[in-house]
Amino acid sequence: MAFDLPPLRRQVLGQFIKIVFLFACLGFSLLVIIHESDSNPRTLIAQNHKVTNEVINMLEAWDFLKLTTSLKSLNPEVKFQSSLDQVKKYILKVEEEVTVKQIDELWKNQVKKGLSLVNQNDYMKMRLLLIRLITENQVDVAQTLNHQISLSKRIAFLAFIIFLIGLGITIYFSEKLSGSIAQPLKKITEALQSKPKLNQKLKFPVPTSLEIKVLILELNDLWKRLTELNAKNMQSLELQKREMEVIFSAMEDAAVFFDSQNRIQYYNTGFLEILEVKEGKFIFEQKWNDLSLMNDSYLQLRDLLRKDNFDEILYTCVINEEDKIYRARKKIALDAKNNKIGVILLLHDITKKLPTEVFRETLQKLKLQKNER
């Protein structure tokens, strides 16, 4: 899921997940410490082994006291007392304490009577108590082991549940935190992607934090400066346009300027007369090859301009039912980087400058060339 999120939200979520895994590691470390503590089953088994050995030693010593007098040099009474003292250290359960207390009382009574005078009844009673102590100790160890195993499982399950809850809470708060950052940025992006006009106020969201507020203020300030700069550029372009219109209007020759998209940008009345157009609004910023004109003057001039391999050429047309001959000159306009930005076409009327015979011959030749095309 995290990999489908935007980068900012993914980074925030990643940091929260790191924290969760850190706490999970601490939790499992606690389990390891508990496992290695004194309540470790291995320690418990070792204690049980010691108690069992000591009780067995007590049984052997008790048997020696009852059954033989030839092994007195082994000091079975000392061995019995020593083992009894060791057993007292490891006994914790109430049942076992009761049994050990009974063994201790029986042993003290027997010491008072004399260890060489152990009767059959006391002998059997002591053996039963010692065997019962072994049984109780084994049962206690088994119960304790089962309890610890069950406890370990519950602790592990609880740690897993806590981990899942922590993970869910972390994801929730990371989504909430990253959403409080990403949502305003998304709305700001949408406001900019809507392509508002430069003089139009941007519709930014209400800031939810100081950083977003500062960002919105900076963007509004930047948008204001861009609007002012655009207004200045538009004024400059309008001024240049008027200057060009004045220049074109002052030309005696018919003139027109096409931009790099072949659209008509500037022209004068002489050019409108050749096209037999009364108002320039019908052709302004229209593509030259797509004008809705069907007169002979336009069609012939359009075909002529399709030839890119001429700088000067003669052109004839009929204006007000009178044949005209123009010297057409084409000049490519370049910017500071020598990139083509348009074409200027000048049409100089040479009809009255040619002698009558020369005019007729030239006109006849141009009409023949026109028919051949």
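Position 1 is the first residue of the sequence; numbering continues from there.
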Intermediate values then yes/no, side-chain contact (heavy atoms from CB on, under 4.5 Å), Ile332 and Ile344: CA-CA 6 Å; Ile332 297 177; Ile344 299 175; over 6 Å; no

Can any side-chain N or O of Asp323 pair as donor or acceptor with the backbone N or O of Leu363 at less than 3.5 Å? no

Count I, L, V, M, F, W, Y as connected when their side-chain heavy atoms are under 4.5 Å apart, and connections chain through other members. Are Val139 and Leu130 then in the same cluster? no

Evaluate the criterion side-chain contact (heavy atoms from CB on, under 4.5 Å) for residue pair Ile103 and Leu106; output intermediate values, then yes/no. CA-CA 5 Å; Ile103 293 173; Leu106 183 60; 5.8 Å; no

In this structure, OG1 of Thr99 is separated from CZ of Arg132 (nearest 0.5 Å) by 4.0 Å

Note, Val343 side chain near Lys330 side chain (heavy atom, < 4.5 Å): yes

Heavy-atom neighbours of Glu238 CD exceed 12 at 6.0 Å: yes

In this structure, CG of Asp122 is separated from CZ of Arg127 (nearest 0.5 Å) by 14.0 Å

What are the two closest heavy atoms between Phe258 and Ile264, and how far apart are they? CE2-CG1, 3.7 Å

Check: Val100 and Leu84 side chains under 4.5 Å, non-hydrogen atoms: yes

In terms of hydrophobic clusters joined by side-chain contacts under 4.5 Å, are Tyr326 and Val318 together? no

Interatomic spacing from OG1 in Thr356 to CD in Glu361 - rounded to 0.5 Å: 11.0 Å

Could you go step by step and tell me if Met58 and Ser83 meet the side-chain contact (heavy atoms from CB on, under 4.5 Å) rule? CA-CA 6 Å; Met58 293 167 66; Ser83 296; 3.3 Å; yes

Output the distance between atom NZ (Lys187) and atom NZ (Lys203), rounded to the nearest 0.5 Å. 14.0 Å

Under 3.5 Å, is there a donor-acceptor pair between the side chain of Asn109 and the main chain of Glu105? yes

Please say whether more than 12 non-hydrogen atoms of neighbouring residues, nucleotides or ligands are located less than 6.0 Å from CZ in Arg360. no

SB check Arg327 Asp253 (cutoff 4.0 Å): no

Any idea which heavy atoms bring Ile134 and Leu59 closest together, and the distance? CD1-CD1, 4.3 Å

Decide yes or no for Asp104 and Lys88: does some side-chain heavy atom of the first lie under 4.5 Å from some side-chain heavy atom of the second? yes

Backbone of Leu133 reached by a side-chain donor or acceptor of Asn137 within 3.5 Å: no

Is there a side-chain contact between Gln235 and Leu239, using heavy atoms and a 4.5 Å cut-off? no

What verdict does the side chain to side chain donor-acceptor pair (under 3.5 Å) test give for Asn233 and Asn230, after you've listed the backbone C-alpha separation in whole Å, the side-chain angles of each residue and the deciding distance to 0.1 Å? CA-CA 5 Å; Asn233 289 337; Asn230 180 70; 5.5 Å; no

Is the distance between the ring centroids of Trp223 and Phe204 less than 6.0 Å? no

Counting distance only, does the side-chain N/O of Ser82 pair as donor-acceptor with the main-chain N or O of Val78 below 3.5 Å? no

Looking at every non-hydrogen atom in both residues, tell me the closest pair between Phe271 and Leu347 and how far apart they are. CD1-CD1, 4.3 Å

Closest non-hydrogen atoms of Lys324 and Thr351, given as atom of the first, atom of the second and distance, are CA-OG1, 3.4 Å

Measure the spacing between CD of Gln286 and CG of Leu293 and express it to the nearest 0.5 Å. 10.0 Å

4.5 Å side-chain heavy-atom contact, Tyr123 and Leu128: no

Could you tell me whether Lys79 and Glu60 have a side-chain N and a carboxylate O separated by less than 4.0 Å? yes

Quick one, Ile274 and Cys317 - any side-chain contact, counting heavy atoms below 4.5 Å? yes

What are the two closest heavy atoms between Val87 and Glu54, and how far apart are they? CG2-CB, 3.6 Å

Is the closest side-chain heavy-atom distance between Gln265 and Arg263 below 4.5 Å? yes

Counting only heavy atoms not in Met234 (residues, nucleotides, ligands), do more than 12 fall under 6.0 Å from its CE? no

Does any non-hydrogen side-chain atom of His348 lie less than 4.5 Å from one of Tyr315? no

Separation of Asn339 CG from Lys337 NZ (nearest 0.5 Å): 7.5 Å

Between Trp288 and Tyr298, what is the shortest heavy-atom contact and its length? O-OH, 2.6 Å

Whether the Asp85 and Gln81 side chains hold a donor-acceptor pair (N or O, under 3.5 Å, no angle test) is what I'd like checked. yes

Do Ile165 and Phe157 sit in the same hydrophobic cluster, where Ile, Leu, Val, Met, Phe, Trp and Tyr count as joined when their side-chain heavy atoms come under 4.5 Å apart? yes

Say whether, by atom type as modelled, one donor and one acceptor occur between the side chain of Thr362 and the main chain of Val358 under 3.5 angstrom. yes

Are Ile131 and Phe80 linked, directly or through intermediate hydrophobic residues, by side-chain heavy-atom contacts shorter than 4.5 Å (ILVMFWY only)? no

Quick check: is Leu272 connected to Leu299 through a chain of hydrophobic side chains (ILVMFWY, heavy atoms under 4.5 Å apart)? yes

Assess the residue pair Met126 and Trp107 against the criterion (side-chain contact (heavy atoms from CB on, under 4.5 Å)); give the C-alpha distance rounded to whole Å, side-chain angles, the decisive distance to 0.1 Å, and a yes or no. CA-CA 8 Å; Met126 179 65 76; Trp107 171 253; 4.2 Å; yes

Polar side-chain atom of Asn268 near backbone of Ala255 as donor-acceptor pair, under 3.5 Å: yes

Would you mind checking if Lys101 and Glu97 are paired as a salt bridge, meaning a charged N to carboxylate O distance below 4.0 Å? no

